[in-house]
Engineer: 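The structure that follows is given in the form of structure tokens.
Computed from heavy atoms alone, side chains included, the values below leave out hydrogens, waters and symmetry copies. All values reported here derive from a predicted model rather than from experimental measurement.
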Amino acid sequence: MNHLLRGLAANENLPPALVDRLIAVADEETADRLAVRSDLSHHQAVALAGRVEESAVRLAYEGRLTAADIDPRARPDVALALLDTGAGPAAWARRLAADPVVEHREKLAACPDLPPDVLDTLLTDPETRVVAEAALRAPAHVAARLAAHPRTEVRRAVAANDATPPSALASLLNGDGPPAPHHCPAREGESPSRDHGLTPGHDPAPDHCPAREGEPPSRDHGLTPGHDPAPDHVSAPDHGLTPDHGPAPEPFWDGLHTCAAHELIRAALHNPATPAEAVTRFADHPSRLLRWPLAARRDLTPEAYETLARDPVPGIRAELAENPAIGDDVMRALADDACHDVRRALAGNPRVPFDVLTRLAGGTRTGTAPLPRIASASPAEIAALAASADPAVRMLAARRRDLPAGLLDALAADPDAKVAGAVASHPGLAEPRLRDLARRHGVQVIAGIAANPDATPALLAELVRRRPPARKALRAIAGHANATVPALLACLDDPEARVVAAGHPALPTQVITALVEGADHRSAEAAAANPSLPRAVMTELLPPAPAPAV
């Protein structure tokens, strides 16, 4: 039954009275769906927060609850959510700065625009992790002062703070002035930080150093999310290392103490406010973890980029290949890189020379989305691509979604199925052209045609009858705005297309009702969310309203 309640919670046509009834019986998952309804009233949000306590934080972040709805002493988590969105009063921040629960103070320290007195209180907190969290977002004058803090975790947070003055970042990177970065909480009598300088969820044992023990380092290993590419990951999306391109051995790091200094340096190298002249010397550092951040920086010297282009780690070269600040000479060198990931990254560089890009097209898989350089290409450049004798180059042009009508028709008539298939889903193709595409290339282009917004009801009905059925095409037809009832009914035979079709508003109400009552929970949930579901069925799906208290 819960799957049906989740579906109802997402149904845009659920009447307000039934929303009230659903709130009265909601579980946590149903509450998540209700919390994001565009028509949820303030009264309903308050009732939902009272019914499912776990939903209150989500409702606060969605802007459905106000400070007047919350007792910060009873629900500090919700109070913190409101402070995080700027909707909580300063008095709450002052109260929570003295909260005995460390996690509450730490979460408060992560909130933006705290009053100066609250920030001062947090910066003198006995728990280092609270101070470090505050330092990560401190204004420039405070960050400059904290650059000399005795705790390495705090200085590492300062190094990652974009507001830290460049001079202070350079000093941290150079190790100028006291104290030397060797602090260990366990040695100084305090309880170890939850992450010991690492982002939440990556907590090694207090004396554990992945690099020292020969295992791959943590993905972020002390950097905020999104800053650290996996150093030796193999998967292509992360530009990781292939089995034939292993990294040079990581140098020996003296346990946690040197690792703490290591992470401080990494944070400063990632920080765009750190002066380029202070980071350049790390381009040939023995540690790949310290070379890697430089590959994405856009303020280095040509010589530094040339050094990075010769790096033994393919992931670093791939990161560099995406960087629009590198020069043409570096790009041309990377175009001949033996690693496919490097070449693919270069193809995605918005400044890659046009002749280099066309050279890459033949032997590099670049996905189906228009490449940045193609998206910015002039009409003359696109026409030149479309006229190429190489189908891989013509496909580059075919990915543009704003092609002139004549060029679009020419590419749709291309004898190469991959080129024609690349434009099959583009709007602007007339029905005869789409039918001709299907006739000439069959299953290779059917899914694209089915996804074309200009595909007519008649054409969709014809595509759905093809044998053997094209499953990707069925899923596209099941969600198509022009799909007719016969086409939608045919889609119900495919398990995946059925889930999509169950939510289509053109599906007959008796079919929607049958799907709601069926054994397939995914289709039943989608049908319960269908805006064409009859109100009487919606009412029947809800448990009886609870009797009023006496």
Engineer: Does either side chain, that of T366 or that of R399, offer a donor lying less than 3.5 Å from an acceptor on the other one?
Structural biologist: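 R399 and T366 do have a side-chain donor-acceptor pair below 3.5 Å.
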Engineer: If you compare all heavy atoms of N161 against all heavy atoms of A138, which two are closest, and at what distance to 0.1 Å?
Structural biologist: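 For N161 versus A138, the nearest heavy atoms are ND2-O, 2.9 Å.
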Engineer: Compute whether any side-chain donor of one residue and acceptor of the other, for T364 and H340, lie under 3.5 angstrom apart.
Structural biologist: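 Per modelled atom types, T364 and H340 side chains form no pair under 3.5 Å.
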Engineer: I'd like to check the salt bridge (charged side-chain N to carboxylate O under 4.0 Å, His left out) partners of D99; sequence neighbours left out, ordered by chain and number.
Structural biologist: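 Counting only residues at least two positions away or on another chain, D99 forms no salt bridge (charged side-chain N to carboxylate O under 4.0 Å, His left out).
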Engineer: Between the side chains of N174 and R281, does any donor sit under 3.5 Å from an acceptor?
Structural biologist: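 Short answer, yes.
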Engineer: Side chains of S425 and R401: is there a donor and an acceptor less than 3.5 Å apart?
Structural biologist: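 Side chains of S425 and R401: pair found under 3.5 Å.
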Engineer: Under the rule for salt bridge (charged side-chain N to carboxylate O under 4.0 Å, His left out), what residues qualify as partners of R471, not counting sequence neighbours?
Structural biologist: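 R471 satisfies salt bridge (charged side-chain N to carboxylate O under 4.0 Å, His left out) with D494 once adjacent residues are dropped.
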Engineer: Backbone N or O of N271 within a donor-acceptor pair of the R297 side chain at under 3.5 Å?
Structural biologist: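 At least one qualifying donor-acceptor pair exists.
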Engineer: For residues 447-454, tabulate all N or O donor-acceptor pairs below 3.5 Å that involve a side-chain atom, not counting sequence neighbours.
Structural biologist:
unit_1: N452; atom_1: OD1; unit_2: D454; atom_2: N; d: 2.8
unit_1: N452; atom_1: ND2; unit_2: A424; atom_2: O; d: 2.8
unit_1: N452; atom_1: ND2; unit_2: H426; atom_2: O; d: 2.7
unit_1: D454; atom_1: OD2; unit_2: G428; atom_2: N; d: 2.6

Engineer: List the atom of A295, the atom of N323, and the distance in Å for their closest heavy-atom pair.
Structural biologist: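 In terms of heavy atoms, the two residues are closest at O-ND2, 3.0 Å.
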Engineer: List in chain and number order the residues that pass side chain to side chain donor-acceptor pair (under 3.5 Å) with R343, two or more places apart in sequence or in another chain; answer none if no residue qualifies.
Structural biologist: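 R343: no side chain to side chain donor-acceptor pair (under 3.5 Å) contacts found.
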Engineer: Can you list everything that forms a side chain to side chain contact (heavy atoms under 4.5 Å, CB included) with S378? Sequence neighbours excluded, please.
Structural biologist: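 Listed in chain order: A380, E381.
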Engineer: I'd like to check the side chain to side chain contact (heavy atoms under 4.5 Å, CB included) partners of T368; sequence neighbours left out, ordered by chain and number.
Structural biologist: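 Here no residue qualifies.
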Engineer: Pick one: which of L264, T128, L123 meets side chain to side chain contact (heavy atoms under 4.5 Å, CB included) with V154?
Structural biologist: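 When L264, T128, L123 are each tested with V154, the side chain to side chain contact (heavy atoms under 4.5 Å, CB included) holds only for T128.
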